[in-house]
There are 2 protein chains.
Amino acid sequence: MEIYRDSHDRALTDYPRPSVAVDTAVLTVPPGGELSALLVRAGAGVGTGTGTGTGTAWRLPGTFLHEGELLADAVLRSLRTKAGVSGLSPRQLHVFDDPARDNRGWVLSVAHLDVVPWPSLTIDESLAKVVPVADAGALPYGHNDILDQAVATLRTRYAAAPDPAGLLEHPFTLRQLQHLHETVAGEPLMRDSFRRAMEPQLAATGELAAGTVGKPARLFSGA
Amino acid sequence: MEIYRDSHDRALTDYPRPSVAVDTAVLTVPPGGELSALLVRAGAGVGTGTGTGTGTAWRLPGTFLHEGELLADAVLRSLRTKAGVSGLSPRQLHVFDDPARDNRGWVLSVAHLDVVPWPSLTIDESLAKVVPVADAGALPYGHNDILDQAVATLRTRYAAAPDPAGLLEHPFTLRQLQHLHETVAGEPLMRDSFRRAMEPQLAATGELAAGTVGKPARLFSGA
DNA sequence: CAAATAGTGTCTTTTAGACACTATTCG
DNA sequence: CGAATAGTGTCTAAAAGACACTATTTG
């Protein structure tokens, strides 16, 4: 490998390097529930921003980046290890770079968002829990900021497409889709406008929902 | 400092760590010109993704993160060193984490956007140049992607506010503001709609522009 | 049948686009 | 004065909101 030197004649490897970690806001919507996030117990010795460890604190799952590993793979690894979650697509949100953030040294943390359909989220309840984002409380090390940014990103995504994160099982009715959007947005939506906005983006299966009160709704298969 | 150990009983400092760099899309609008970006010569030995150095290649300015330094400070340092630019506010765009990106080793690069008013951009022409983004050509190491994302971010910001990056000198007329918006958006905007959207967000100084052809326009002072 | 929900039609309000007309300056 | 630009009013078209009415199911 070629060695480049900078203006002070130092090779690349002569520079001190930060540890790099990932912290992830895992968002989901339980059936009939609110927009929720996955939290893990702080102080387990894995992840960033562990702090002095009160023992009862919760935090977003995270881990250190391994050599040559992609950030997205580190996110998936941390979730697999802690929550048995698989098949996801993490997105970067922001890099937290305050040198004093972590008392173990110089650690950069790349915050991520990962949206997980409820059925894919099987957690070890001794290590993790899923709580409505409104009830997350105060999290250490700026994790509330990550959560806020994650929710904002999710809302932006759902404002533009019917179900970009695949939170709904197919097929679904317009009512189910609207309920999901209201849960994500955190506010009620108008039936007429929602219909007008969504119907052109959906493909009807030709089937009808059965077993419900009222006129059976048409089923859609997503995009 | 307390030492935490992970599940393999390795202390934090035992992990291999990546070098971290910043690469910045510096955008500006020259008077009467197009939306433009700052490029520097590749192969100077500073920054990431230098490659084998053809000698004629151009790239976005970048540098390695120094110990304990904030990413934004590294961006400002790299711009100060290379272009005499000061007084800016870099924003993170994305972390490039392909382990094979840089032939000098494992380097993460945090892409940034920095929007600079033309008068603040005094460059050393032997090291750097400012070219319309449309004429940037093929840049190495995904820098075109950074540029695209930077332009998209800038457009989003200007769709929401009159002059979020302070590209216009105060006071300004509505026509000047519209011209700026058209330059940023890359397409003509309608006079009526633009007026309706912007006027409520502006504060008139009470003064009028002088020395121009036509009825003198009211001057505004921004937010 | 009553209650509940789906689907459709239509009216109103709001917003965006188009355009016309007046006002004021420079050359 | 004529060309150029600013500012305002108004007409029209499109989009969003509101609401009524019909259709079809469960209990």
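Proteins come first, then strands; the chains are lettered A, B, ... in the order of their sequence lines, and each starts at number 1. The figures here come from the full heavy-atom set of this structure, side chains too, leaving out hydrogens, waters and symmetry mates.
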- prompt: Taking the six-membered ring for Trp, is the centroid-to-centroid distance between A:F172 and A:H170 below 6.0 Å?
  reply: yes

Checklist entry - Is the shortest side-chain N/O distance from A:R218 to OP1 or OP2 of C:dA6 below 4.0 Å? => result no

Would you call A:E199 and A:R218 a salt bridge, taking side-chain N to carboxylate O under 4.0 Å as the test?
yes

Residues A:D145 and A:R101 bridged, charged N to O under 4.0 Å: no

Gap between atoms [atom1] and [atom2], on [X] and [N] respectively (whole Å):
X      : N      : atom1 : atom2 : result
A:F172 : C:dA6  : CZ    : C1'   : 16 Å
B:F220 : D:dA6  : CZ    : C1'   : 10 Å
B:R175 : D:dT5  : CZ    : C1'   : 6 Å
A:L219 : C:dA6  : CG    : P     : 11 Å
B:L202 : D:dG7  : CG    : C1'   : 15 Å
B:F194 : D:dA6  : CZ    : P     : 12 Å
B:L177 : D:dA6  : CG    : C1'   : 15 Å
B:R195 : C:dA16 : CZ    : P     : 16 Å

[X] [atom1] to [Y] [atom2] distance, which is reported to the nearest 0.5 Å:
X      : Y      : atom1 : atom2 : result
B:T63  : B:R80  : OG1   : CZ    : 10.5 Å
A:F194 : A:H179 : CZ    : NE2   : 11.5 Å
A:L38  : A:T28  : CG    : OG1   : 9.5 Å

With sugar-phosphate taken as primed atoms, P, OP1 and OP2 and all else as base, the protein-contact string of nucleotides 18-27 of chain C at under 4.0 Å (heavy atoms; B, S, -) is BBB--BBBS-

Which donor-acceptor pairs under 3.5 Å do side chains of residues 202-216 of chain A form with protein atoms, sequence neighbours excluded?
| from | atom 1 | to | atom 2 | distance (Å) |
| --- | --- | --- | --- | --- |
| A:T205 | OG1 | A:E207 | N | 3.1 |
| A:T205 | OG1 | A:L219 | O | 3.2 |

Fill in: Backbone N/O of B:R59 and side chain of B:H143: donor-acceptor pair under 3.5 Å
no

Sidechain-backbone polar pair: A:H94 side chain, A:A111 backbone, donor-acceptor under 3.5 Å: no

Side-chain contact check for B:L174: nearest option of C:dA6, C:dG17, D:dG7 is D:dG7

Double-helix bend of the helix from C:dC1-D:dG27 to C:dG27-D:dC1, axes at both ends from 5 pairs, round to 10°, gives 0°

